[in-house]
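Notes for the one structure printed next.
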Amino acid sequence: MQEIVSSVKRNYIADLARQRKRVDGRGLDQYREISVEPGLIENADGSALAKIGNTQVLVGVKLQKGEPYPDTPESGVLIVNAELVPLASPTFEPGPPDENAIELARVVDRGIRESQAIELEKLVITPGEEVWIVFVDIHVLDQDGNLIDTSALAAISALWNTKPPKDEDWKLKKFPISKNPVTVTTAKINGEMMVDPCLDEESVMEARISMATTEDGNICAIQKGGSGTLTLQDIDKAYELAVTKADELRKYVK
Amino acid sequence: MQEIVSSVKRNYIADLARQRKRVDGRGLDQYREISVEPGLIENADGSALAKIGNTQVLVGVKLQKGEPYPDTPESGVLIVNAELVPLASPTFEPGPPDENAIELARVVDRGIRESQAIELEKLVITPGEEVWIVFVDIHVLDQDGNLIDTSALAAISALWNTKPPKDEDWKLKKFPISKNPVTVTTAKINGEMMVDPCLDEESVMEARISMATTEDGNICAIQKGGSGTLTLQDIDKAYELAVTKADELRKYVK
Amino acid sequence: MQEIVSSVKRNYIADLARQRKRVDGRGLDQYREISVEPGLIENADGSALAKIGNTQVLVGVKLQKGEPYPDTPESGVLIVNAELVPLASPTFEPGPPDENAIELARVVDRGIRESQAIELEKLVITPGEEVWIVFVDIHVLDQDGNLIDTSALAAISALWNTKPPKDEDWKLKKFPISKNPVTVTTAKINGEMMVDPCLDEESVMEARISMATTEDGNICAIQKGGSGTLTLQDIDKAYELAVTKADELRKYVK
Amino acid sequence: MEEKPEKLIVNGKRLDGREPGELRPLKIQAGVLKRADGSAYVELGGNKILAAVYGPREFHPRHLQQPTTATLRCRYNMAPFSVSDERKRPGPSRRSIEISKVTREALEPVVFLEQYPRAVIDVFIEVLQADAGTRTAGITAASVAMADGGIPMRDLVASVAVGKVDGTIVLDLNKYEDQYGEADMPIAMLPRKKEISLMQMDGNFTPEEFRQAIELAILGCEKIYEAQREALEKKYSANLGGE
Amino acid sequence: MEEKPEKLIVNGKRLDGREPGELRPLKIQAGVLKRADGSAYVELGGNKILAAVYGPREFHPRHLQQPTTATLRCRYNMAPFSVSDERKRPGPSRRSIEISKVTREALEPVVFLEQYPRAVIDVFIEVLQADAGTRTAGITAASVAMADGGIPMRDLVASVAVGKVDGTIVLDLNKYEDQYGEADMPIAMLPRKKEISLMQMDGNFTPEEFRQAIELAILGCEKIYEAQREALEKKYSANLGGE
Amino acid sequence: MEEKPEKLIVNGKRLDGREPGELRPLKIQAGVLKRADGSAYVELGGNKILAAVYGPREFHPRHLQQPTTATLRCRYNMAPFSVSDERKRPGPSRRSIEISKVTREALEPVVFLEQYPRAVIDVFIEVLQADAGTRTAGITAASVAMADGGIPMRDLVASVAVGKVDGTIVLDLNKYEDQYGEADMPIAMLPRKKEISLMQMDGNFTPEEFRQAIELAILGCEKIYEAQREALEKKYSANLGGE
C-alpha cells in the first residue's frame, strides 16, 4: 500500500490538515459517497459490492461443509480471506497475500467474530465432526483508500445477503446473522484526526486507527496502523468518530 | 522456450521459407527422423522414449489407487504432468512447472482424454470411493524443437506399453487402451506452413498449431500457440497436414 | 553458512594450523567450553539448550499421535527438523530450510536413528494405524561454528529429558530411549585435523568429517562436508578423535 | 452441478431458448475503474468479468526488459466465489496459467509493442462470476480495456467459443452445453483481417463440423466486435460530454 | 488446553494469585547473543522470548532501498515446540505475519531511521515458549535489543496487554485469561511522551472499560519500562567492569 | 517392496549371484545429449542415470557471482516414474537437496574453478530409474559429463557405495542389500591421488569393518574409473572417426 509521495503533495495535504481541510473538500468527519449493492454474484451464497468514493470492494460468501477446529467442536467455522488483486492498484502484485492483505482480512475477521454477528454455534451439523464453514472472500477491485472500512462494510453486507444453501444438511430457516458491526477508520495527518482517508491521505498519514463497534456503542475490535504514534486524545477522538459515523455506515448494510 | 535469435538467423530461415525450403533440407511436410523405444523403465507400469530428430522425451506411466473426482465417481483418473528439467535445455530452469510445461502437459492430456483412448470407466475399483489413477509423466531429456508432438508420441506409446500392475484389486486382463490419437504441429514461418519445427524454426515462427486426430480423421484437440495469427487458409493447410502426417506417426506407436 | 573471508584471516588461521595452533589457543583435540541445560521449555515434552563455546542450539521434543510410514507399520516415527533462524547469524535468511539446514537435520537424524537410541517399535498405538511421532526440532540461536555437534548434543539431551505425555494412549513408564550416540566433527585446515571448528575455522577449512559413535566405539553415521578432500590418514585421525572426544561429550548428556 | 438433461437441443432451440447461432445477452462497459490505466466490464450470460490494463510502464527486474519491444503480460484469475460449485482456492491453477498464456498470445498480434521498447504492459482479467466461456469473454474485455487505456492497437480482438451439442454446431456455449456437449472450441479473431489469434479445441469434430464451427465463430466474433466498438464509443462520447 | 475454570477472579484475585493490576514475574537480560549486533531475552510468566538486531546494514536487493531513510524489518517467529498444544509447523502463519507488521509499526516511531539512508535494520523475535502476550513481550525484548545494539533511538518502547476478565479490567493476561476472558488489548507505548505506537483489541469493551483499560496499560508499560532500563544499565555496567 | 529375504548371502554369494567385492553390470556412455555442453549416461544394475553439464556460463543474478572463481551448482533429481514403489512427486525433497549438496562437494575438488571467475557451471543429474546407489552412480555420470563437456579437471571422480550385509562387507549394494543390510557407505574418490571427496555412512560398523569397507570402496572406485575412461576414449575416437 506504500506509495512514494512527492514532498509537494505531502506538504499540501499537511497544510490543508492544519486548516482542518481535505484534498477533496470534505469535512474531517465526513465520508466520501457510500453505496452498497448486495447480491451481485448469484454463484455465491451471499455477496455485496461496497463503494466508498472510488474504492470498490466485492465480497462473496460461500457456505461449505467441513471439519470444526479441534478446540471448538460445537461451533461453525468463519474464514476471512482477502485478495489484493493487481487489477485494483498499480502497487498490488500477483502472488500470495502479503502483510497488507493479511492484516485487512484479519481486521475484518475480528470485527465480525468479536461482535458475534454470526451465531456460529448454530452452524454445527455433527458436533466435533462436521460443521458449516463460512468463507468470506474479500476481492478488492479498485483501491482509492480506506480498504478496511470498505471491506468491512462489504463483508457484513454480504453476510446479511447470505441465503441458505441448497443442501439437505442445512436445517435453519435463514443464515444466522444477528448483529451489525461496522468499522470506522480515522487517520492522523499533521496531528489532525479525520475519518475515511482517501489514497492520497493514506500516503501521507502518520497513523490510522480502525474501530469496530456494535449498535450499543461498545467496541469489539481495534487496529492501529502506520508508523507514527497516537496520543490518548487522538484515541478519544477516534472513538467518538467511530460511534457517530458507525450509525451512518450501518444504514447501508442490507 | 523463448530464445533470443539473431536477426541474421531470423532472416536466413525466413528467406528459406519463402523458397519453401528449411534449414535442415527437409520438405515443408517432412518430419525429422522418428524413433520410439517402449519399455525402457522397468520400474514404471509403462514407458516409452520418443525421439524426433534430436528432441528426446521419456514418458513413464504409473498406476496407483486413489479417489475419483467428485463429479465423475464412476471413472478412473488421468493425470498428465510435464517436467522441463534443466538438463534438457540451457533455457529451462529448475522449479515448479512454468507456463510452457503446463501448456505441454495440458495439450498432451487433451489429446489422450478427448480421443477417449483410455477407457477410464473400466478403471473403477469401488464407485465413488476408489479408482485407478493413471499418472503420465512427461520427462523432457533433450529439447531441439517440437516438444508437443514428441511428448504426445511418447505418451501414447507409453500407454500402449502399460502392463497391468501386480495388485489384487486389478481385475482386467490388460490396460484398457483402445485408440491411437497422434498430434501434428505445424509452424507458420514467413507465411509458409511446415510440420515438425526444429528449435531454430520455433525461435522465428509466427505461430504454431497442433492438432490431435484419431484414426478416422476426426479432430479431438487443437492448440494454437505463438504471438502471431493464422488465416483460415493456414488452418485448412494445418488440418490437411495433421491428417496425412498422423498416419505416418501412428506407425511408431507400440 | 558460507562467509566471505579475507585472505589475511585465511592465511593467519592456516599458518597457525601448520604450527598445530588455533585462533583461540586450544589444542587440536580440544573442544570449546561445553554446557547443556535440559528442560528449559516446559511446553515441550523434552528440551535442552546446548552450548559449545558461543554456539547455542535449543532443541525441543514434541510427541504427537499420527500415522506410521506405510513400510514400517509397527514402528513409531522420528522426524528431525532444523531451523536456521536469522536471529542466529547475519548469513541466515528467513524462509524454508536451505541445504545447510536440511543437511544439519538429516545428519542429526541419522546419528539418532542409526544408533537405535529411541526404541521406535515401542511407540506403536495401533499397528499400521496410529503411532507416536517424535518431533525433534533444532532451533539454532547463536551460530559460532560446529552446529552439527552442538545440535546433536542438544537433540540427544532433549530426548533423554523427554517425559511421557499426558495422554491415555501412552502406556509406557518412560520415554523409550536407551542409547547415547554423540557426534564429533573434525575439520581439516592446511592439512591438519582439529575437532570442534569455530566459525572462523569453518570459514577457511578444506573439509570436515562428522562421525557419530555409540558407547561401544562403533560408528553409526558419517558425513563428510566441504569442497576439499580427505586422505585415508585424515579419516583414520578423525575416527580416533571421534571415539576419544565422544566419551567427553557424552558426560554432558542428561 | 445438476443432472445431465436428456436433450440439449429441442425443436432446433437450445435449453435457454437460443437459436444455434445466437449469443447470450451481452453487455460491455469501458472505463469502469479509477486506478487502472484502462478497464472494461463484460457480462455475457452469467459471466461477469472485469479487465484492467496498466502501462506501458517500467519493467522490473531490468534483466527481463526486451530492448526492441514492450512485453505484454496477462493474468487471468477467478475470484474464489465466482464458481457455482465449491469455493475456488485463491491463486493460480494449472488451468488459469494456461489460459493466461493463450490470452496473451491472443492479444499480442494487435498491440504495437515495438513502440515501447523495454516497457511492460499488464493486462489483468478477473472473473467475478463464471458461466462457461470465461476465457473468451476475458479476451473480449481485455481488448476493450486496452483500447480504453489508449494502448496503440491495430484492431480489437473479439473472442467467443463455438461447439457441438447434440450433433449441432452452436455459438457461445452455456454451462450445460460446455459440460455435456461433444466439442468446445474457443476462438479469438482480429475482425478486420479475419485472422485467428486464439484457437483451442477439445471434443470431437469431423472435418465438416470443424469448418462449419469456424464459420460460425467468425459470425459470432463480428457480433462481439460490434458491441466492443459501441462500448468504446459510448465511453468516448460520455467523456466528451462530461469533461 | 484444559477445561474452562468456573471463575477467573476469586476474592478480587486472579487464579495465579495476582492483583488485577499486577504483572507476571518479569526478567529482562540484554546482550545475550554473540553474533547479533544487539540482543535481549525476556521472561514474562511462562513466556521465553529472544530478540536480536542486525544492522544498520546494506539492503539487498538495491531497488528496495529507500533513498532518505533506513528500512526497519521485523520478523516475529514461534519455535515449533514453543506452544503447549500441538507442535507448530515451522514458517510464517497469517497470525505471525500480522504480528510482524504491527511490531514493526510499534518500533518505527522511536528509531532515527533518517540517520541511515538506504540501509536496513533487521529485528528478529523468536518465541521459545509462549504463555499469552508474546507479541507485547516480543516488542519489549526487541526494543532492549535495539538499544543494546546501539541503534539510535528517541525512547524505548514498552509493551503489555490489558484485558477484561469476569468483568474486571486486568493487566498482563495469562493463558487462561487470554482464552476465556472477554477482551484483550495489546498496547505499546513510548513511555516518555506517553504516546501509543501499538493498539489492537478484540472482545467487548464499553466506552468506560476501554478508557479504564488504557489507563491500566499505561501503568503497566511504565513498570515494563523500568525493567528495560535496569537490564540495559546492568549490561552497560557489566561491560564497563568486564572489558 | 517385497518381504525381507531370510539370508542375503548364501554360500558366500549374494542373492544376485555376485561375489562380495563385485560390481553390478556397468555401462557408461559419454556425449548422449545434443543441447547440453557435456553429457553422460550410466547404467549400473537397474540404475539408469543421465548427467548433463552446462557452462562455464554467465551467472545470474550478478550479486551471486564469485569474483575469483567459478561457482559449481549441482542438482540431483529423480523422475516421478523412476522408483519401483509409489510415484515420486516432482520437485526437490529433503533427500534430494542433501544429495545435491554432497554431490557438489564431491565434484568441486577436481574442477579448476579458478579458471572461470564469476562464471557458473551447472551439473544436472536425472535418475530415470533407481535401483540403490543412485547418488554414487550420479557422481560417476556427472564426472564423465564434465569431461565430455571440456570442463578443465584435475582428475575424474569415481564413486560407489560399500556396505555390510549379513555381517559381510560388500561392494555396490543392490536394492535388497540397501534395504535390509546393516550399513551403507557411499564414497567418492579422486582415483589418481586416492583422496576421498564424498563419504557418508549410516548403519553400524566396528572400527575393523569400517577400515575394511574403505579398502573395498577404493577397489570399487578403481573399476569405475576404468569404465569412465573407456567411455571417454570411445567418445573421442568416435568423434575423430566421425567428423
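Numbers restart at 1 for each chain; the letters A, B, ... are given by sequence-line order, proteins then strands.
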With rounding to the nearest 0.5 angstrom, report the NZ to CD distance, B:Lys65 to F:Glu86.
10.0 Å
F:Asn77 versus B:His139: any side-chain heavy-atom pair under 4.5 Å?
yes
Could you tell me whether the side chain of B:Gln64 and the main chain of F:Arg87 form a donor-acceptor pair under 3.5 Å?
yes
In terms of heavy-atom pairs under 4.5 Å with chain B, which of F:Ala36, F:Ala79, F:Gly91 leads?
F:Ala79
F:Lys7 NZ: over 12 foreign heavy atoms closer than 6.0 Å:
no
Greater than 12 external heavy atoms within 6.0 Å of B:Lys21's NZ:
no
Under 3.5 Å, is there a donor-acceptor pair between the side chain of B:Lys62 and the main chain of F:Asp85?
yes
Residues F:Phe81, B:Asp45; criterion side chain to side chain contact (heavy atoms under 4.5 Å, CB included); working and verdict
CA-CA 9 Å; F:Phe81 46 74; B:Asp45 295 304; over 6 Å; no
Main chain of F:Pro80, side chain of B:Asp137: is a donor-acceptor contact present, judged purely on distance under 3.5 Å?
no
Residue pair B:Thr55, F:Lys34: steps toward the side chain to side chain contact (heavy atoms under 4.5 Å, CB included) verdict
CA-CA 8 Å; B:Thr55 296; F:Lys34 166 140 194 279; over 6 Å; no
With a cut-off of 6.0 Å (strictly less than), are more than 12 heavy atoms of other residues, nucleotides or ligands near CD of B:Glu130?
yes
Enumerate by number any residue of residues 45-65 of chain F whose heavy atoms lie under 4.5 Å from heavy atoms of chain B; in the absence of such residues, state 'none'.
F:Lys48, F:Leu50, F:Ala51, F:Ala52, F:Tyr54, F:Arg57
Please report the interatomic distance OG1(B:Thr91) to CZ(F:Arg35), rounded to the nearest 0.5 Å.
6.5 Å
Using heavy-atom distances under 4.5 Å, tell me whether B:Leu63 contacts chain F through its side chain, its backbone, both, or neither.
neither
Tell me whether the count of non-hydrogen atoms from other residues, nucleotides or ligands lying under 6.0 Å of NZ in B:Lys51 goes above 12.
no
For the candidates F:Ser82, F:Pro92, F:Ser39, which exhibits the highest count of non-hydrogen atom pairs separated by less than 4.5 Å from chain B?
F:Ser82
Chain B-proximal positions within residues 121-150 of chain F [heavy-atom distance under 4.5 Å]
F:Phe124, F:Glu126, F:Leu128, F:Gln129, F:Ala130
Answer key: most heavy-atom pairs under 4.5 Å with chain F among B:Ala44, B:Pro86, B:Ser47, B:Gly60 is B:Pro86
If you count heavy-atom pairs under 4.5 Å between each of B:Leu40, B:Ile41, B:Val61 and chain F, which one has the most?
B:Ile41
